[in-house]
Every structure is written in structure tokens, then in C-alpha cells.
Amino acid sequence: MLKPYADVIIDITHTAVDRIFQYEIPEELSGQVSLGMKIRAPFGQGNRLQDGYIVGFSEKTDYDPLKIKKIASICEDSIPIEGQLICLAAWMKEHYGSTMIQALKTVLPVKRKVKTAQKRYLVRSAGEEECRELLSLYRKKNQKARVRFLEALLEDCVLPYEMVVQKLRVSPASFKAFLTEGVCRLETESSYRNPVKDNSPGGASVCLNQEQRRVVSGIWQAWEGDRKPCLLHGITGSGKTEVYMELIRHVIEKGKQAIVLIPEIALTWQTVMRFYRQFGDRVSIVHSRLSAGEKSDQMERARRGELDIMIGPRSALFTPFPDLGLVVIDEEHETAYKSETVPRYHAVDTAIERCRLAGAVAVLGSATPSASSYYKAQSGAYHFFQMKKRAREASALPAVEIVDLREELKAGNRGIFSRRLTELMEKTLGRGEQILLFLNRRGYAGFVSCRSCGKAVKCPHCDVSLKAHRDGTLKCHYCGYEIPIPKRCPSCGSGYIAGFGTQKVEALVRAMFPKAGILRMDMDTTAKKGSYDAILSAFADGKADILIGTQMIVKGHDFPKVTLVGILAADLSLYSGGYEAGERTFSLLTQAAGRAGRDRLPGHVVIQSYSPDHYSVEAAASQDYEGFYWHEILYRKLLCYPPVYRMLSLLITSKEEETALHMAGLVKKQAEAVNEDGILELVGPAKASVSKINDMYRYTFYAKCEEKEPLLELMGQLEALSWDKGVLYQFDME
Ligand code: ADP
Ligand code: ZN
Ligand code: ZN
């Protein structure tokens, strides 16, 4: 039956999205209206006709049915981009259990209501030397404002005008002289508008090899055919990025636009620059460090047709391109694609839905696809493509060996370097080649723990360890609790408190190889802006022999002279909890191993492990994705985990542990009632793995099923329970 009422939002601005209004669908329009459609309807006291969008339908209304207003007409222009994004929001609401408002706020770009004044910048023109001389001059004269200004200018060549005047408290009178003397100049926003800045000349495009051409034409066939999602499984260095760029060229030729999702800007800056060199200022990026205004600016440019390509982390998916043709999701297995805030959407599935709505194709690329995507490719839901060769002729895959750390202990070696790794390090240094040492501390990095009693410093309000920050504080990432990094262990009072495993590794390596040049990359050494790139380029230029680091160093960088990669503690991520721990470990180890021998020189990889026969470690050592996959999928099947089963998880939180438990009990009862026929597998309730956050107790409940629909049904039933006031709950669908 057709539902007689429509939920409408009037004018899509950030604040107005706060409310949904109900309208009656008049008989003459019934059957013609659909989700996302633009309509006109009387609004407010004067009943002036306003544009609105249909965001849902209902059978009943909360208003008096006699007084409810009617939709006046349908706007005839073709379905605007907002309509598509609204449909996407509706889909997200259904699948991830959020409200329509929450979903709309995620999907619709925040529009600035008032146009802010042109932003101005002070840009350094004089050389560093000259600035330093001026600095010491004004220090002597004790002109503090000018000193502050020059110091800032030395640190950063471009300073926002407002920042200088308001934060630095340097009055325009103080820097006027610098402007007239040409120490700095004033520029407006338009010259700094595009967040991608690069001075290098346009790069020549490479000539695709046979494997790449095969993949491009295969995906293009899908584009012209059924437009199903495409999974590209290509080993590191096989030239996936070149394939994406070629596909994007095709799409642009057709007058359409493309979105490229990447897990994290900072780690993939090199990739971003490659796109920029190819496509110039038709490319833009969005990322978390842009202000809301800057972000909305880029989104507006996309809407106006000034851009062909948007690159960014998951929120770039909602770029309002008028005619989207392609969405590329690079490193599709990365956890960063899952949103941690409501709606807890997964960017891969959401991208696929956006593509379906837009008639575009989603291309997922990875050297280690998620078990879930590979499973779908196997079942035929996705097209599947493979690239098994490295794109640069001479580079072969490295030789990988696993060292059993238990054997080392038995042989009396208590150090963190096995005998084999030490030997290979000596040889590599002897040949004048480079070494990467990778410390797998995923989920551990940044924790400060005591080397005497072993305890980590914890948040008093949450059941988690505090994380060290660059400003010398420890912060709780859940509640914001913050203290200075303590000098002594709060548990036992010992002074041996330390957090950075890489520091210790560095000290040991220095002692072993006093002549070697060593660089370290972790939170400490990358604290200053630009230092991340500085370390990488120093190493790439051969200014050091050894680079030590955490996962920061394994992503997407090419170091042609690295011929040895040592992975010091391969196992840590195996015990990080969650059914995906094996997958995480495999992909991290495979990526780390892939850093060796990327050019002409043969590479060597040593994986040190306490569980050398774990299938994740073994498969990574032999770079055997399929071997890993079949093991992993069997485990998922046996334990009814995604992707074989669908899983609905429910998180219940409350200040009172009693109340949370009580509600969890009701949930269980209701779920059992729904599950009369026993098609659902119910698990819990149980304490969540982080059992307390912000003094709120947390319980989880899971339901698994081969089909999605019974789980959505259950979700509806559970939402309809009478929830205690003091209890919060959150669904997550995998
Ligand atoms: P992936 O994204 O799969 O890791 P990239 O696209 O980054 O691989 O390619 C790895 C390296 O090989 C890059 O330096 C790239 O410029 C180079 N490359 C890729 N394809 C070709 C090609 N057809 N001919 C020459 N070099 C190529
Ligand atoms: Zn202690
Ligand atoms: Zn906390």
C-alpha cells in the first residue's frame, strides 16, 4: 500500500536538517513521489511555498490529520545531487541503525550560510638567513611582538593574517615595516585556495604494461556493462595506482567525475601528489585538518563542476559531484574505512551503494583484500582482477624467513634481535645498502608503561590506557582526561617509565652498529610539522643506513636501496582482540615485507615471531594471500563470523552497572522471543572488551545470521523496547 505521508526536510542547510516535517501526499501526486525527490510545500505561518526534499514515508502522522499540510508540487528538474545523497542517507540509516538526522548530517555537506571574508595570509619572501639576522636584531632591541612574528615566520612560511593579529598579538603596525621592506607579503585566499600545493612540473604518464592494460579493459567492460563493483587484488608495487589513474582518465573523457578514497592523508601523501601531477588543479582533497569552511569550499567547487577528482578519507565519499562515474577505494582492507561515530558506516559498502545510486562503478584495490571483499569476489558479487607482477621490470619479490623467538631464548639470546637478523644486518651494512626495522605495535603505540612493574598508565574513568601526545601529555581518547606524562610510575613509583619501544630499539642498534646512520620515526620524532616528510626524504636520499619505526614506515613508500626488512615483534597484533586480528596481522606483515627490494637489488625479510606457525605469519612470509584467505574464511565459517555470517552487535551503556545489566537481560529475552525458529545465533550479553568508558559501564550483545533481513527485523524489535532513561544503546551491523 502507498503510504500517505511524506517526511520532508525544508532547505538543506546544516541547522534546518535538525527537523523533519510531515506532509500529506495529495492524491494526484500519489505514486509519483519517491525518496530524495525535490518538492515544493507550504511552510511556516504564512504558508509560503518552499523547496524541500522527501527523506522518508510514513503510514501514520503525529499531527492532526485534518490540519496537516499538503505537498504542493513536484519540482520538475531532474533528480538533483542532493536527492541521491538523501537516498544514501536513508540507506545508511537502515543499515547502520542511526536516525535519519544523524545520517543526513553525515552525508550532506555543511553549507556556510554567510560568506566569510577573503582569508588573508602573510607569506615569507625573505630568505631564512635574513630573517634570522632580523630576529637577533629585534631580540637585542627587545621588541617582543616583532620577535614573535619573525619566529613564527621562520617556523611556517605562510601565516594566516587573523592568527598573527589575534593569537600572536602582533599588531599590523608592528609588521607594516616588514611588508614594505619585502620581508613578507600579503596574499589572499584565492592564491592559496586549493589545499593541494605542488610546484613540480606535470609528470609524464607511464606506459601501462600488459597486466595493467588487461585490468583496465576488464574494469572498463564492467563500467560499460553491469557496473558491479570490481575488486583489484594486486601485490604491492604492481602498479595499481597507475591503473586507477588510467580509469579516471576514461571517466573524465565521458564527462564524469571520480572520487578516490585513501585511508589517511598523511600516510599517502606521495599518492596524492601523483594524482595532482597528472590532473593538475582539477583535483582537490578533503581531510580532517581542513576547517569546516575550507571543506565546504571544496565541496562547493565539486558541485559547480570545477573539479573532476576528489581525494580524501572516508568523508570524501559524500562529495556532491553532479555526475559521478567512479569511486576508487585504495587499500580497501584498512580499518580506517569504518566510522567510529554514529552512523557507524563502512566506507566500502557505502561507496558501493553510492555508486549504485549514481550509476557509477566502485573499484576496490588492495595487496591484501579484506576477507569480506575477497569472499564477495569469490561468490560473484564483485568482478575480480589480479596483478601478480611488480610493475618495474627488474624488481623481484624478496626472500622471506621466519625466526622462532622461542628458539632464540632456548639458545640463551635474550635480546630483541635474533642471531639471523643480526647477521643479515651486518652483511647489508657491509654492502652499503639500507635497512628498515619495523616494530609491530599496532594498538600499543603511544601507551606509556612501566618497565619495572609492567603496568600501563590508565584512565581513572575508562578501562583503557592513556596515550602519549606530542605536547608531553597523556590523554584518554575516550573521555579526554589528560595529565602530564608522569616521571614516576603511578603504580609502583619506579622511574623506569617509558612508552616508545622504538627509542629502546634505536639505543640497542646504536650500541651494535656505532658507525651506522640511524633514523627513527615515531610520535616523538614526527611531532614537528613537516618532520615526517623530512625523515622519509633523508632516508630516501641515503642520509642514513637504518630506519626504525612503527606502521608509519610500512605504508606506501618506495625506498629503492632498502634490501633488508626486519620485523621485530610480528605477533603483537595477533592478540589485539576481535575476530579480525588474524587479518590485521597478515596485512601488516605482508606490507612490511613488501618494502624490501623494490628496485634492482634483491631483498631480504626477517620476521621474528613467538608464534611462527600461526597461519597469518606463515602466509605473510610466503606472500601467499590465497593460503591465508582459505584458512581465515574457514575460521570465520566455523565461528559464524562475517563475511560468512552477518552480525548485528548492540552496545548497551549506563552509569549504573545494574541498569545496564538489567537492560541487557531484557534485550536477551526479546531476542530469544524473536528467534523462535532458531535461525539467529545469539551471543551474550557480556562485558564489552573495553568495559567502562567515561564512567559508563558497557555491555555487548551479538546476533549472527546468514541473512541480513532477520537481523534488521531484530534491530527494529529491540529499538522498540522500552529503554530505561539512563541507558544508551548503539547498533552496529557487519
Ligand atoms: P601499487 O599502487 O600497486 O603499490 P604503484 O602504482 O605505486 O603500485 O607502482 C609502483 C611503482 O611502479 C611506481 O613507482 C610506479 O611509478 C611504477 N610503475 C607502475 N606502473 C608502471 C609501468 N607500467 N611502467 C613503469 N613503471 C610503472
Ligand atoms: Zn611500575
Ligand atoms: Zn577516560
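All values below come from the heavy atoms of this structure, side chains included, with hydrogens, waters and symmetry mates left out. Ligands are counted one by one from 1 in listed order, and the atoms in each one are counted from 1 as well.
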I'd like to check which ligand 1 atoms, numbered from 1 as shown, lie under 4.0 Å from a non-hydrogen atom of [X].
X	value
Leu208	23 (N)
Asn209	23 (N)
Ala391	12 (O), 18 (N), 19 (C), 20 (N), 21 (C), 27 (C)

Please determine if [X] and [Y] form a salt bridge, counting it only when a charged side-chain N lies under 4.0 Å from a carboxylate O.
X	Y	result
Arg646	Glu734	no
Glu433	Lys561	no
Lys637	Glu632	no
Glu253	Arg249	no
Asp349	Lys338	no

With heavy atoms only and a cut-off of under 4.0 Å, state how [X] meets ligand 1: side chain, backbone, both or neither.
X	answer
Arg274	side chain
Arg390	neither
Ser238	both
Ile235	backbone

- Message: When you compare ligand 1 with Thr236, is there at least one nitrogen or oxygen pair between them that comes in under 3.5 angstrom?
- Response: no
- Task: List for me each residue that meets side-chain contact (heavy atoms from CB on, under 4.5 Å) alongside Ser622, sequence neighbours excluded, and say none if there are none.
- Result: Asp624
- Message: Judged on heavy-atom distance to atom 22 (C) of ligand 1, which of Ala367, Cys207, Gly234 sits nearest?
- Response: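 Minimum heavy-atom distance to atom 22 (C) of ligand 1 goes to Cys207.
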- Can you say whether the rings of Tyr625 and Tyr629 are parallel (under 30°), tilted (30 to 60°) or perpendicular (over 60°)? parallel
